[in-house]
Amino acid sequence: MSDATAELSAEQQLAADTNEQREVRLAKRDRLIAEGEAYPVSVPVTTTIAAVRAAHPDLEAGAETDDEVGIAGRVVHVRNTGKLCFAAIQAGDGTRIQIMVSLAAVGETSLKRFKELVDLGDHLFVHGRVIASKRGELSVFVDQWQIASKAIRPLPNLHSELGEEFRVRNRYLDLIARQQARQMVITRAATNASLRSTFAAHGFTEIETPMLQTVHGGASARPFTTHSNAFDTELFLRIAPELFLKRALVGGIDRVFEINRNFRNEGADSTHSPEFAMLEAYEAYGDYNSIADLTQELIQNAARAASPDGSQTVTWADGTRYDFSGQWDRIDLYGSLNEQLAAAYTGEGQAPQITVETPIDQLQALADAVDLKLDPKTATHGKYVEELWEHYVKPGLERPTFVMDFPLDTSPLTRQHRSKPGVVEKWDLYVRGFELATGYSELADPVVQRQRFVEQSLLAAKGDPEAMQVDEEFLAAMEYGMPPAGGMGMGIDRLLMALTGLGIRETVLFPLVK
RNA sequence: GCGCCUCUAGCUCAAUUGGCAGAGCAGCUGACUCUUAAUCAGCGGGUUCUGGGUUCAAGUCCCAGGGGGCGCACCA
């Protein structure tokens, strides 16, 4: 580099991002290294903080035991008094225990070093007997201690709530500070394990399908695009795994599911993230009824896994109890819409009735009447009906509810209803006011599928960036014969939201931030 | 993408009409052998997001940019 000022040495960069507290701790690190170790390869732990607490559930104040333990944890509290120092250390699971370092037990030099070198945030190893302090606090009475890892940056103030942005950008600190943050990680893992175990119980096989796709399809959404140097071609980050899972179905993996990430280049808010975890499942020789049964069971089992008492009633962050148990309602989309339309109708004569025959201009008038605005370029019968349904029916749904039988034109991958003309065998599952999952009797006729793709590509030509492309390779697979099947998709992040009552940014450990 | 709000010490937040940039916790020095956000005495710590502008004087007002939040649009 000719411009030397643009280049900072590592040392200069280190110095540039610093403050007094960091400098002090760096000096302590230097001293620890000079005297021995600041980052020992390991420390001789004999047990965990949780195990110590469990072994001595109700020690009386002032009681002493001869239980000698070696434990380690992060220092979250220090009270250095003259000849008896107190500190609290915290394990990764959030359990804490007090430690006591006394002049009598460790001697003058060790006590002095403890006061000079141990800071909030350090990982500390202590060895000693388990006792209860005179005030009854379970403690380890230290005879040996050692810093297990010296922290250079100060821990945030643990007594005030961390700001939302700070928590998201520094999740590791959020995990140290907040039990709720730790709990979400555990709940999420337990939920995923529960889903997989329910699938296993029903004979499903988990597979992984491409994240990078050459053809954009499987759902209606704007994709992220990228470029492959090796293939010299444009690639899409998948918006859905559907078309590959169905290829697997053609290949004879009759009960198949995938839990993995999808990417959609759309707005981000409290219920939408650009990358989100998605579950999709397909069941050969099933239909949208059987897959609804399975979905209900998957979620009810997940609720058991997520709820502290193992029941199907979960407690949300705001204290609300939400009950997933029992048989969930299955309501008809057009029927429930017409009911609410009639209830809201104040005019003369009969309330308007919406059917699959209702022309667009009438739907548009109904939408205009309640200020629903759709883009006339891409609006269809189905889009109007779904918008009207969301306006009239959705807000009144409390319990988990399957909404059945959707307009044909908004569901290009779905099979026509076996007996009702003009609708498809599709349901949406609504929980807590948002769409949690969607299920279909899958379209198996390759000729109809081709027509639907062509209709989609015409929409794309008209400027709809969400419309799918014609996927010839997928069509070829279907032409070899796809078994009749029920299919389902569910947002994992949304499932966590439904189980915990938190926003999507809380359910994702490391959400995308600029 | 459009509109509104917001950004101050390591963290959480104050700062009157434009008039010396502060508190709590954290840090440093000292005292204290049972503390629970210990207490007491003293001390240090700031590019007020960035860059311009107005003004005798800008954390505060104006313009542009950046981060974040909320609403609308789009969507799961």
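In the text below, chain A, chain B and the rest are named by the order of the sequence lines, each starting its count at 1.
- When rounded to the nearest whole Å, the span between CG of Asn19(A) and C1' of C11(B) equals 11 Å.
- Residues Leu512(A) and Phe510(A) are not in side-chain contact: their nearest non-hydrogen atoms beyond the backbone lie 4.5 Å or more apart.
- Residue-level contact check: Asn170(A) touches neither bases nor backbone, having no heavy atom under 4.0 Å from any strand.
- Within 4.0 Å of Leu162(A), counting heavy atoms only, lie sugar-phosphate atoms of the nucleic acid but no base atom.
- Heavy atoms of Met490(A) sit nowhere under 4.0 angstrom from any nucleic acid atom.
- The existence of a salt bridge linking Arg238(A) and Glu258(A) is confirmed by a sub-4.0 Å separation between a basic side-chain nitrogen and an acidic carboxylate oxygen.
- At a cut-off of 3.5 angstrom, the base of U35(B) holds at least one donor-acceptor pair with the side chain of Ser133(A).
- Arg96(A) comes within contact range of no nucleotide atom at all, as no heavy-atom separation falls under 4.0 Å.
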Worksheet item: What's the verdict on salt bridge (charged side-chain N to carboxylate O under 4.0 Å, His left out) for Lys383(A) and Glu386(A), showing C-alpha distance, side-chain angles and the deciding distance?
Response: CA-CA 5 Å; Lys383(A) 284 195 179 180; Glu386(A) 288 182 26; over 6 Å; no
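- Nucleic acid contact for Gly163(A): sugar-phosphate only, since backbone atoms but no base atoms lie under 4.0 Å from a heavy atom of the residue.
- Straight-line distance from the CZ atom of Arg264(A) to the P atom of C74(B): 16 Å, rounded to whole Å.
- Residue Leu120(A) is in sugar-phosphate contact alone, with no base atom involved, counting any heavy-atom pair closer than 4.0 Å across all strands shown.
- U12(B) sits 22 Å from G71(B) when the P atoms are compared, rounded to a whole Å.
- Between the P atoms of U54(B) and C5(B), the separation comes to 25 Å (whole Å).
- Across all strands shown, Ser139(A) has no heavy atoms under 4.0 Å from either base or sugar-phosphate atoms.
- Annotated stems with RNA chain B as a participant read B:1-7 with B:66-72, B:10-13 with B:22-25, B:27-31 with B:39-43, B:49-53 with B:61-65, given as range with range, by first number; only runs of 3 or more Watson-Crick or G-U pairs under 3.5 Å qualify.
- The nearest whole Å value for the distance from the CG atom in Asn157(A) to the C1' atom in A9(B) is 13 Å.
- Between Leu158(A) atom CG and G24(B) atom P the separation is 18 Å, expressed in whole Å.
- Both cation-pi conditions hold for Lys426(A) and Phe406(A): the charged atom is under 6.0 angstrom from the six-membered ring centre and inside a 45 degree cone around its axis.
- Residue Glu161(A) contributes atom CD, which lies 11 Å from atom P of U12(B) at whole-angstrom precision.
- The residues Lys28(A) and Glu116(A) are annotated as not salt-bridged, no charged nitrogen and carboxylate oxygen being separated by less than 4.0 angstrom.
- Rounded to whole Å, the C1' atom of G44(B) lies 10 Å from the corresponding atom of U29(B).
- The nearest whole Å value for the distance from the CD atom in Gln21(A) to the C1' atom in G10(B) is 5 Å.
- Using a 4.0 Å heavy-atom distance criterion, Lys115(A) is classed as making no nucleic acid contact.
- Distance noted for atom P between G3(B) and A73(B): 16 Å (whole Å).
- Ala88(A) comes within 4.0 angstrom of nothing in the nucleic acid, heavy atoms only.
- The residues Arg196(A) and Glu206(A) are annotated as salt-bridged, a charged nitrogen and a carboxylate oxygen being separated by less than 4.0 angstrom.
- The pair Arg113(A)-Glu35(A) counts as a salt bridge, with a side-chain nitrogen and a carboxylate oxygen less than 4.0 angstrom apart.
- Nucleotide U29(B) holds its P atom 11 Å from the CG atom of Asn80(A), rounded to whole Å.
- Base contact: Glu137(A) has a heavy atom under 4.0 Å from a base atom.
- Of the charged side-chain nitrogens involved, at least one lies within less than 4.0 Å of a carboxylate oxygen, so that Asp493(A) and Arg188(A) count as a salt-bridged pair.
- At a threshold of 4.0 angstrom between heavy atoms, the contacts of Gln98(A) include nucleobase atoms, whether or not backbone atoms are also involved.
- As rounded to whole Å, 11 Å separates atom C1' of C32(B) from atom CZ of Phe86(A).
- Within 4.0 Å of Phe434(A), counting heavy atoms only, lies no atom of the nucleic acid at all.
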